[in-house]
Amino acid sequence: MSTSLAQAVVGAGYYPALANHVLKNAIGDEEVRGHFVHAETTFDTSEVRRHMTVLVLTDARLIRVHIDDGASPESGGAPAASATVESAPLRVVTSVALTHVVLEPESFREGDVPGELVLAVGWGIHSRVDLEPATCADESCDADHGYTGDITGDDTMARVSVLADGEDTVRALEDFTAALQRLAGR
C-alpha cells in the first residue's frame, strides 16, 4: 500500500488502523496508481453517524472500501464498525461520469475549483431488483398477473463539495477521476 494512501487514511481520522488493515488486504502486492479518501459525518434526528469511502486504483482493479460505524445488536450498544471491500477488474468498468457543479459559471476560469463534483462509476458489481405486483387495466379484475419490475445496476458514487469538504478534497476527486479515466480507457 502506498505511503500517501496510508497518510490520507490517517489524516481522515476515521478508524485509521482498521481502514489501513482492510486496504492492505484488499490491495495486496498491487501498486496503487491513484486513491481518493472521503470521510463524512451525517446527522440523523437522533444520532450522528460517520462513514468513510476509499477508492483505490491499481493497474488492474478499482477497489472501493466503505466503513460505517454504529452499535450493532451483537455489541450490546458498544461502538462497532463494518468495513466492506468491493473490487472490479478495470475491464468491466462500463462508464466513468464526473459532474461538475459550478455556481456563477460566467465567472469560472481555468484552474478554479468546481463548487461540487459527483463521480459515478458503472462497474457491474451489484444490481438492484425492484418488483411490484403486475396489474391490468380492468379495475374489477382480481386475477394474479404476476410481477413486473426493473433490474438496475448500482454504480459506485462519490460526491464532494467545497462547502462541506474543502477545495483540496474536490481537487483530489478530480485528480482521481482523471487517473481512473486514463486507466479504464486502455
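Everything numeric here is computed off the predicted structure, so don't read it as measured data.
Contact between Val92 and Ala88 at its shortest, heavy atoms only, is CG2-CB, 3.7 Å. In this structure, Ser87 and Ile63 approach most closely via the heavy-atom pair CB-CG1, 3.8 Å. Here the closest heavy-atom approach between residue Ala184 and residue Val93 is recorded as CB-CG1, 4.3 Å. Scanning both residues, Met52 and Ala19, for their nearest heavy atoms gives CE-CB, 3.5 Å. Smallest separation of non-hydrogen atoms from Leu18 and Ala81: CD2-CB, 4.0 Å.
Side-chain atoms of Thr99 never come within 3.5 Å of backbone atoms of Leu117 as a donor-acceptor pair (strictly under, hydrogens ignored).
Between the OG atom in Ser161 and the CG atom in Leu173 there is a gap of 11.5 Å [rounded to 0.5 Å]. The CG atom of Leu90 sits 6.0 Å away from the CG atom of Leu183 when rounded to the nearest 0.5 Å. Taken to the nearest 0.5 Å, the CG atom of Leu62 stands 5.0 Å off from the CH2 atom of Trp123. Taken from CG in Leu119 to OG1 in Thr177, the straight-line distance is 4.0 Å, to the nearest 0.5 Å.
Residues that satisfy the side chain to side chain donor-acceptor pair (under 3.5 Å) test with Asp165, not counting sequence neighbours, are His38. Legend: residues meeting side chain to side chain donor-acceptor pair (under 3.5 Å) with Asp138, ordered by chain and number and at least two apart, are Ser140. For Arg159, the side chain to side chain donor-acceptor pair (under 3.5 Å) partners are Glu116, not counting sequence neighbours. In terms of the side chain to side chain contact (heavy atoms under 4.5 Å, CB included) criterion, residue partners of Asn25 (sequence neighbours excluded) are, by chain and number, His21. In terms of the side chain to side chain donor-acceptor pair (under 3.5 Å) criterion, residue partners of Glu30 (sequence neighbours excluded) are, by chain and number, Thr58, Arg61.
Met157 is listed as a side-chain neighbour of Val118, based on a closest heavy-atom distance under 4.5 Å. Using a 4.5 Å heavy-atom cutoff, the side chains of Val121 and Thr94 are not in contact. For the pair Val22/Ile67, no side-chain contact is recorded, criterion being any heavy-atom separation below 4.5 Å from C-beta on. Side-chain contact between Val32 and Leu57: absent, with no pair of heavy atoms (C-beta onward) separated by less than 4.5 Å. Taking 4.5 Å as the limit, some side-chain heavy atom of Ser4 sits within range of a side-chain heavy atom of His35. Side-chain contact between His66 and His51: present, with at least one pair of heavy atoms (C-beta onward) separated by less than 4.5 Å. You'll find the side chain of Val37 stays beyond 4.5 Å of the side chain of Thr169, heavy atoms only. For the pair Asp175/Phe36, no side-chain contact is recorded, criterion being any heavy-atom separation below 4.5 Å from C-beta on.
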Derivation and outcome, side-chain contact (heavy atoms from CB on, under 4.5 Å), residues Thr53 and Arg64: CA-CA 7 Å; Thr53 301; Arg64 178 182 183 265; 4.0 Å; yes

Audit row: Val9, Leu23, side-chain contact (heavy atoms from CB on, under 4.5 Å) steps and yes/no: CA-CA 10 Å; Val9 168; Leu23 283 161; 3.7 Å; yes

Distance-only donor-acceptor pairs under 3.5 Å for side chains of residues 105-112, two or more places apart:
unit_1, atom_1, unit_2, atom_2, d
Arg109, NH1, Glu106, O, 3.2
Asp112, OD2, Arg109, N, 2.8

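Under a cutoff of 6.0 Å and an axis angle of 45°, Arg50 and Tyr15 form a cation-pi pair.
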